[in-house]
Amino acid sequence: MTMCEHRKTTPSPSQWRAIGHRVAATRGLAIMISRVVSGVLACAVWVVAAPAGAAETAAPFDAAAYAQRSATHGVVLVSANWGARWNCGKYENAQLAKLSFDKSGSPRAGNDASADLVLEHASVLPAAARFVNYAYIVEPGEYLLSAYSVKVARSASDVGYLNAARSDLIVDGRSRAGSFSVSAGEVVYIGHFFLDCAQDPIPWRYYTSDRGDFARYLAGAKKAFESLDVGKVEFRLFDTTTMGNAFVLR
């Protein structure tokens, strides 16, 4: 099998500026796909995980753990689409493969150190083209996007990955890609992650498009996690200037 080059996608300063222009240029695309997000909420899947360990910075939502930590920890609601996006940039298709987040103030030594929160499609089976919804109990603080991986294919036999590592994204304790924050006792929704294909594929943060769609999303969260107080969920998107557009839910 021929493999395309496994390369980092770290933009140069001029490329970061270009991505900033790309944010504005793709606003219409983001709005369009936010509508797609709303359209697939009904078939989205909520991941209900096994009980989490007490020492983890971020752990899958569990009712017993939530009952013990709801006053000292926060809850993050996030979705990701691991399915193929066809005709993505110069590639036949691309798939979001992994997103990694480091808690700010807990610097890691090197690119191989484990992140605090990792979202990925771990199954060997092909991912369906739908959003998978996750809930995590996390220590309060700011979480920096520290690495990502996108699987790309020029053909069925020419497949590889576009990667950005911690050394590419974290500069002076800040993430060039973006971050989210949560305080003790809070429940926050940070967005739906998929891909942007205006140039080389990169992760992109989308969102539910209006309060009706957001309410349906929360109804799904309540059905999956009965003990979660969805009435206190705050719409607080992953904060970025390079991988998503600003949006205020009205």
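In what follows, residues are counted from 1 in the order of the sequence shown.
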Next on the checklist: Checking the side chain of R205 only, and the main-chain atoms of G191 only, is there a donor and an acceptor separated by less than 3.5 Å?
Outcome noted: no
Item to check | Hydrophobic cluster identity match, L195 and M243, side-chain contacts under 4.5 Å | outcome: yes
Checklist entry - Taking the six-membered ring for Trp, are Y189 and F214 parallel (under 30°), tilted (30 to 60°) or perpendicular (over 60°)? => result tilted
Item to check | Pair F61-V187, side-chain contact (heavy atoms from CB on, under 4.5 Å): steps then yes or no | outcome: CA-CA 11 Å; F61 185 92; V187 183; over 6 Å; no
Checklist outcome for this item: Value for CG (D158) from OH (Y91), rounded to nearest 0.5 Å, stands at 9.0 Å
Item to check | Side chain to side chain, R236 and E186, heavy atoms closer than 4.5 Å | outcome: yes
Checklist entry - Using the ring of each side chain (for Trp, its six-membered ring), is F193 parallel, tilted or perpendicular to F101, with breaks at 30° and 60°? => result perpendicular
Item to check | Side-chain touch K151/H121, heavy atoms, less than 4.5 angstrom | outcome: no
Next on the checklist: Is there a side-chain contact between V230 and F225 in this structure, where contact means two heavy atoms from C-beta onward sitting under 4.5 Å apart?
Outcome noted: no
Next on the checklist: Quick test of your reading of the model: are K103 and E139 salt-bridged, counting only N-O distances below 4.0 Å?
Outcome noted: yes
Checklist outcome for this item: For A184 and P140 the tightest heavy-atom approach is N-CB, 3.5 Å
Checklist entry - When rounded to the nearest 0.5 angstrom, what is the spacing between CG in N87 and CG in N93? => result 8.5 Å
Checklist entry - By side chain to side chain contact (heavy atoms under 4.5 Å, CB included), which residues pair with S149, not counting sequence neighbours? => result A97, K98, Y161, N163
Next on the checklist: Could you tell me if the side chain of K90 sits less than 4.5 Å from the side chain of R154, heavy atoms only?
Outcome noted: yes
Next on the checklist: Test of understanding: clusters of I, L, V, M, F, W, Y form through side-chain heavy atoms closer than 4.5 Å, transitively. Do I202 and V78 belong to the same one?
Outcome noted: yes
Next on the checklist: Please evaluate residues I190 and V76 with respect to the criterion side-chain contact (heavy atoms from CB on, under 4.5 Å), reporting the C-alpha separation (whole Å), side-chain torsions for both, the decisive distance (0.1 Å), and the verdict.
Outcome noted: CA-CA 7 Å; I190 65 170; V76 174; 3.9 Å; yes
Checklist entry - Heavy atoms, side chains only, cut-off 4.5 Å: are Y217 and N133 in contact? => result yes
Checklist entry - Taking all atoms of both residues into account, what is the closest heavy-atom pair of A177 and T240, and its distance? => result O-OG1, 2.6 Å
Item to check | Student check: side-chain heavy atoms of F131 and W82 closer than 4.5 Å | outcome: no
Next on the checklist: Between D229 and K232 (salt bridge meaning N to carboxylate O under 4.0 Å), is one present in this structure?
Outcome noted: no
Checklist entry - What pair of heavy atoms forms the shortest contact from G110 to R166, and how long is it? => result O-NH1, 2.8 Å
Checklist outcome for this item: Closest non-hydrogen atoms of D196 and W204, given as atom of the first, atom of the second and distance, are CB-CE3, 3.5 Å
Next on the checklist: One pair to check against side-chain contact (heavy atoms from CB on, under 4.5 Å): V75 and V182. What are the steps and the verdict?
Outcome noted: CA-CA 8 Å; V75 175; V182 59; over 6 Å; no
Checklist entry - Can you list the steps and then say if R108 with D116 is a salt bridge (charged side-chain N to carboxylate O under 4.0 Å, His left out)? => result CA-CA 10 Å; R108 301 298 195 279; D116 289 304; 2.5 Å; yes
Next on the checklist: Measuring from atom CD of E92 to atom CZ of R85, what distance do you get when rounded to the nearest 0.5 angstrom?
Outcome noted: 15.0 Å
Next on the checklist: Nearest 0.5 Å, please: how far is CD1 in I137 from OG1 in T72?
Outcome noted: 9.5 Å
Item to check | Shortest non-hydrogen contact from I170 toward L145 | outcome: CD1-O, 3.9 Å
Item to check | hydrophobic_cluster_shared for L144 and L237, side chain cutoff 4.5 Å | outcome: no
Item to check | Closest heavy-atom pair and its distance - F247, T208 | outcome: CE2-O, 3.9 Å
Item to check | Gap between atom CG of D102 and atom OG of S179 - 0.5 Å precision | outcome: 11.5 Å
Item to check | Stepwise side-chain contact (heavy atoms from CB on, under 4.5 Å) test for N81 and H192 | outcome: CA-CA 8 Å; N81 189 331; H192 283 65; over 6 Å; no
Checklist outcome for this item: Taken to the nearest 0.5 Å, the spacing of Y143 OH from S100 OG works out to 14.0 Å
